[in-house]
Every structure is written in C-alpha cells, then in structure tokens.
Amino acid sequence: MDRILITSAIPYINGIKHLGNLVGSQLPADLFARYMRGRGHEVMFICATDEHGTPAELAAAKAGKPVDEFCAEMHEVQAEIAQGFRLSFDNFGRSSSPQNHALTQHFAGKLAENGYIREVVEEQVYSPTDGRFLPDRYIEGTCPNCGYDSARGDQCDNCTKQLDPTDLINPYSTESGATDLEVRETKHLHLRQSLMKDKLDAWINSKHDWPILTTSIAKKWLHDGDGLQDRGITRDLHWGVPVKKGTEDWPGMEGKVFYVWFDAPIEYIAATKELTDANGEDDVAWQRWWREDKGAEDVKYFQFMGKDNVPFHTLSFPSTIMGSGEPWKLVDYIKSFNYLNYDGGQFSTSRGRGVFMDQALEILPADYWRWWLLSHAPESSDSEFTWETFQADVNKDLADVLGNFVSRITKFCRSKFGEEVPASPEFAYQDSEQETQLIAELTLKIRVYEDNMAKMEVRKSAQELRAIWALGNEYLQAAAPWTNFKTNPALAAMQTRFALNLIRLYAVLSAPFIPDASEKMLSAMKTEDNSWPSDVSEALNTLLAGHAFEVPEVLFAKITDEDREIWQEKFSGTRD
RNA sequence: GGCGGUAUAGCUCAGUUGGUUAGAGCAGCGGAAUCAUAAUCCGCGUGUCCGGGGUUCAAAUCCCUGUACCGCCA
C-alpha cells in the first residue's frame, strides 16, 4: 500500500469557477484520488480556496461586505459546489486560515535566515482617497500614445501599448475615481529565486516522465531572457498574511502582507493541518504527509493544475521549499492541463462566457459533466466544448453503451427469472469458452485501464473504460440468452448470471469517473462489495445464484435535441 | 517583437524511443438481432499526416524553413 498525497490548484475566492477551471485541476485530481483509494492506497487529497489579494477585496467591496465575511461566504458556496461535483477532498481548506498564516510566516522566516530574501524599496502609486497603493491595472487615464481615455496603468486596451501608471494623463483610481494620486516609496520583500536557478534546473531536468507541457513551461521561465527573476512576495494590502519573520515582527514591514502567490501553495500544507487540527490529532498527523523527517519520506506527491499555474508550482513554490532548508516534501509529479475552449472561443470568468459550475449542476447531474469533461480532458492540447458533441457523446457513452446495458440485462432477468441472480447447476462459466474468452479480454483491458489511470492518462483511461463497457453489449449480443431461454433455459441462466455480475464489475471500475451512477449500480445489485477486480474471474463470481437485486431507474436519461437547443441559447451570451 | 504549444478521416482526437498496407470514437452507409433508454452488435475509410526542403535503407515521427490558429511574456 502506498501513501499518495494529491493537491489540486486552489481556486480563487472571488467567484464561481467555470468548467474549464474544473477540468484543469480539481476534476482530474479527484479521478486520481478516487482511483488510488479504490486500489486500497492511503490517500490525502487536498484543495482549498485562495482568498487573499486585491481582487478579493474589490469583490467584497462590490458585494458590500467586509472581506473576511465575503470570503467565508464564498468559501461555503465553492465547497457546496465541489460537493455537488462529488470532488472527494479530504479537506477543502482556506488560505486565510490561522494554520496558513503561521506556516507562511514560518517559511518567510526560514528563507530570510538562509539569505533568500532581499528588501527592496520601490515606487508605487498611492491613492489617499482609497487609502491604499493601487495595482497598475486599477489605475486608468488617458493614453499618451493614442489619446484613448480609459487606458489602464499596465496597458492601453485601445492601442495595446504597454504603459507605466505614471505615463497616464489625468490618472484616476478605478475604485473611487480619485484623481489625487501620488507616487510613494514603499519597501517590499523579494524572494531570491535567481539564486535557486541551477538547483531548480537540475531538479526539473531529472523529471523525465513529467508532461512536456509542465517541463517546457518551467524551462522557459528558467532560461528565457535573463533567466529566472526574483519576485516580490509582499504587498501593501490589509487582507492577507501579515509579514512576519516566523513569529517575530519584521522591522520596516509593518502593515504589509504576503502576496497571494507566496501563501497560496503553502496552503496545501496548511489545509492538511487544518484537517488534523479539526480532528484533534497531533502534529505528526499532518507532518507524516509533509515532512520527510517525520514520516513523509515514502509519500508520493502529485499536483494537478492548469498550465497557467505551472510556473508557480515548478519554480516559486519549490524555491520556497528548498530555500527553507528544512526537509519539506517536494512534489514528485506535476500533471498539467491545457485549456478547454467553449464553442469556438475561450471560457472566461471575467467576461462570464461559458458554463459555470453552479449552472452546470442546475441542468444535469454531476456524472454527465464528469464523464464528458474527463473523457475530453485537454491533455495534449486545448480541447473544445460544444453542445452538439456534449449531447452526442454523453448520450452514446453513458445512456446507450453503459446505461442501456444495465437496463437490458436486469429487465431481461426480471421477466424470465425474477429479480434474483438465476441458478444453473448444469453450467459454470469456467467451463464455457465464450465466458472464459470474455474474462481474458476483460482482464487485458482492465490491466490497460489500470496502467493508464496510474499514469494519469485521463482520456485514454476513459477510452479504455468505455471499451470495457462495450464488451458487455458484445457479449450479450453473441450469447443471446433471450434465444437460449427458449431451448436451454439453464444456459440462459448462466449467461444472465454472468452479465449481472458484469454490472457490479462496471460499478467498481467506473466509480472514479461516475461515482453516483456507480453507487446506483451497486445498490441496484444489492451489494456493498466494491473490491477491485484483481482477479476478474473471481470478481464475476461475487453475486451468486439466489442473490436478490432490483431493476434500477434509468441511469442516464438522454439529452434531447430540445434540451440542447435551450441550453445552447441560454449559455450563448455572457453571465453578469 | 521574444518564447512555447498545436496543425493527422466530415467532427473530436490516438499515434510510445523513426520501421510492415496511418488508427479509435462520433457522424454517414449497409446488414444482423429484437433482451433493452429505437438502445445493441457486425461490416464499410481514394486521409497531399498544414506547405516546402533536408537527414535516412526507412519520416506523421528527426533537422531547417514557410504558413495558420492558440497562449504566455515584454
């Protein structure tokens, strides 16, 4: 039994995420976590909300709430939606937790001790009216280049020229409209990632089995231009982790907080501690996952994320870990994803384009989305969601191939033998060529499936699973128990018993993808035996003659053309 | 402008370290079956593997170059 640590990139707090976000991190991470649990491994699956930073403050202000209250509410909303998608986090934490405050300050202290922190005095735009320093994009004014009157401080949207906030004519705060902006000096901490460059480079180069997407992005940042740059890890904000050197004050840094990207990945660790603290366990309980000197030396750590998060996880966070000089667990494998597009364009949170997680659950059960998104996961390149393919794929795979298989055999059995597994003393499928051959084919495919799941080859796993489902239909078609029933009912009984056992087998194999349907299948077969089919022949002898079952409700209702047209129309615009 | 990714059948995509007539699912066409959510099963592909060069006995795969789309950065 292995110990598997899994983290999904943590979603930002300011709103509900769309399906592209979901398929890029949380959903494949959940697939992997469920699979590993199913195989009997000890799993710690962690996610959280990423709560600090200016966008959270602004979203709270817009909602007319104190930022801490806003975050607490949004955390609950996101947690509930995650539950709706059956994301099986062991803990869904909060980066604003006391545990994360302490750990973030601890790491900063260690980094300073080891010479990886530099204090830098910068000039930034301050707004007395807003009472804060303004990030570049929250300052607007007239573009000196083209005269556009709503140019942002970082770039003019009209002529695309890159700008400095001080270039703008008549600059004003986009928050308050204040024009009394001034440039002030402010001191910040920089993480000296540049000192870590060679170490990171060697580390990345040693990871031969990582996705090309992961390593190519990391290498680009390591070698592009002047190479890996130091990065500011503090901000002049109120909402965040106060800058401290461990538990000590940091002279000159009063009133400042750590920048979100610094404290967000540390939350992976903190969220684990949040869990064990809540359970009243001691520190060893979380340290055995994260400290190689406290029992984590044999932990295998997997991270899941979209490609936009790769630099932070391949460079910044490892810099934090390595620079601490303490034996924290470094990631062993980074699974990264491209983007899912929506109907010819991008999903966009800021523009409200596409289908958002809450809306998705309002129109269809989680399994539909899980199956489609995972079987189309953007692994090798960006992939595309269209309502037409979604409807066609889901109807075919879930309703026709799997759902109908369950339906046809349970109903057949009920009408011919009643709602219990039929007996046939004359026939055992160990002695029959057709069944023996199918067991061999299933075994082959299940081993391929296991291999793909272990390698986090998401699409290939889905493909193989579907092929395993199809074998059931092929078998029924060839065996034709409905024909045999007329001349040789005992043979038909054996075939029916075999096919009914396939339902349980499919439920176990499919659980990582479609947990709800899997649960329904097991409960229809009136069994709680969800043990992994290491021996397929044995697994198909689980439900014995006389075992009662019931014909389940239709597992997957089909998406009609009318449904599709309504949704297509409904989601064609943007959300406010 | 720099960097990266992608470009394979009508659609969505596989093609591992270069190696037999380039594959799968969907859609389409033909057939079988009638247990089932008109579901299932079987059969059917004349594809400039984006264009152009090159390396090689052999290239979708490696190198150069051009084009298109996407993204990141400045």
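Naming convention: chains lettered A, B, ... in sequence-line order (proteins, then strands); numbering from 1 in each chain.
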Separation of B/A36 atom C1' from A/L476 atom CG, nearest Å, is 9 Å
Under a 4.0 Å N-O cut-off, is there an ion pair linking A/R34 with A/D30?
yes
Of A/D393 and A/K486, the one whose nearest nucleotide on RNA chain B sits closer to the 5' end is A/D393
Query raised in the report: Between the side-chain atoms of A/Q477 and the base atoms of B/U40, is any donor-acceptor pair under 3.5 Å?
Result: yes
**Is_stacked (A/W482, B/C35) at 5.5 Å, 30 deg** = yes
In whole angstroms, the gap separating C1' of B/A36 from NZ of A/K416 amounts to 12 Å
Rounded to the nearest 0.5 Å, the NZ atom of A/K207 sits from the CG atom of A/D332 at a distance of 5.5 Å
(Q) With a 4.0 Å limit, can you tell me whether A/K558 has a side-chain N or O closer than that to the phosphate oxygens OP1/OP2 of B/A39? (A) yes
Under 3.5 Å, which protein N or O atoms sit close to an N or O of nucleotides 7-11 of chain B? Give each pair with its distance.
none

- Should the ring pair A/W387 and A/W567 be called parallel, tilted or perpendicular, given that the plane angle runs from 0 to 90° and is split at 30 and 60? tilted
- Message: Using 30° and 60° as the class boundaries, would you call the ring planes of A/F385 and A/W372 parallel, tilted or perpendicular?
- Response: perpendicular
Just say parallel, tilted or perpendicular for the rings of A/Y368 and A/F556, cut-offs at 30° and 60°.
-> perpendicular
field: Main-chain N/O of A/Y506 paired with A/S510 side-chain donor or acceptor, under 3.5 Å
entry: yes
(Q) Can you say whether a donor on the side chain of A/D400 sits under 3.5 Å from an acceptor on the base of B/A39, or the other way round? (A) no
Assign each of A/E474 and A/S415 the nucleotide of RNA chain B bearing its closest heavy atom; nearer the 5' end lies the nucleotide of A/S415
